[in-house]
Amino acid sequence: MCSLDFKNIYELTVATILSAQCTDKRVNIVTPDLFKKYPDFESLFKSDLTDLMKVIKSTGFYRNKAKNLKALGTLIMQEHNGVLPDNLESLILLPGIGRKTANCVMGNGFGIASGVVVDTHVKRLSYRIGLSDNKDPEKVEKDLIKIIPKKKWIIFSHYLILHGRAVCKARKPECDKCRLYDHCLRRLT
DNA sequence: CTCCCGATAT
DNA sequence: ATATCAGGAG
């Protein structure tokens, strides 16, 4: 139905940072204006922080996100020759990028399966279905890595997120419509 | 663990 | 009114 809109690695990275605790629908409303004004890491580096906050305000956590985006542009330009690193360890060290965002950029941007993206949906569905009892996303990821073949890591997260948004919702899961009903540990009977 | 935070669904 | 949204940093 809906996912983040992006044309390149830069846009994917920025959109994913903005998507923290925010719907991708809302991110997609903001990014056309954002990418017109700030089309690359260099423009983030040179950006006016107040203006950046204004543009991304509706995505929430806008002060932290704007600060992180400017710091990210600065670091990429000054320490990485203007190029986003293509390995998980380096990505995680960048401002605003944690494990979830790093795995997302690696998989969807560079096409490299560095791990399983564990966001709020993947965490919730993994618990409900019975794939992991852990609450720490990093531990959930370790459990999933054991179960899912590496070639399916990227598509697996996409499917769980789509299923989590459409059927196995946080508030009111529609178990009667669920195709995993027979396999689910915690279905509502 | 707490804080960051606006928009939307329930 | 409250829970939730492709989380991350201190």
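In what follows, chains carry the letters A, B, and so on, assigned in the order in which the sequence lines appear, proteins first and then strands, with residues in each chain numbered from 1. Computed from a predicted structure; not experimentally measured.
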Distance between the P atoms of C:dG10 and B:dC5, in whole angstroms?
-> 13 Å
So, does A:Asn28 use its side chain to make a donor-acceptor pair with the main chain of A:Ser3 at under 3.5 Å?
-> yes
Counting any heavy atom closer than 4.0 Å, what does A:Lys172 reach on the DNA or RNA strands: base, sugar-phosphate only, or nothing?
-> nothing
Ion pair present between A:Asp119 and A:Arg165, side-chain N to carboxylate O less than 4.0 angstrom?
-> no
Answer yes if the side chains of A:Tyr38 and A:Asp51 hold a donor-acceptor pair under 3.5 Å, and no otherwise.
-> yes
Given DNA chain B, 5'-ward residue of the pair A:Arg63 and A:Ile29, judged by closest heavy atom = A:Arg63
Does one side chain, of A:Asn103 or A:Ser114, offer a donor that lies under 3.5 Å from an acceptor on the other?
-> yes
Separation of A:Met53 atom CE from B:dG6 atom P, in whole Å?
-> 12 Å
Salt bridge flag under 4.0 Å for residues A:Lys70 and A:Asp48 = no
Within the distance-only criterion (no hydrogens, no angle test), does the side chain of A:Arg187 pair as donor or acceptor with the backbone N or O of A:Tyr181 below 3.5 angstrom?
-> yes
Interatomic distance at P, B:dT2 relative to C:dA6, whole Å | 24 Å
Atom NZ of A:Lys65 and atom C1' of B:dG6: how far apart are they, to the nearest Å?
-> 9 Å
Heavy-atom protein contacts under 4.0 Å, nucleotides 4-10 of chain C, coded B base, S sugar-phosphate only, - none | SBBBSS-
Roughly how many Å is it from CD in A:Glu174 to C1' in B:dT10, rounded to a whole number?
-> 13 Å
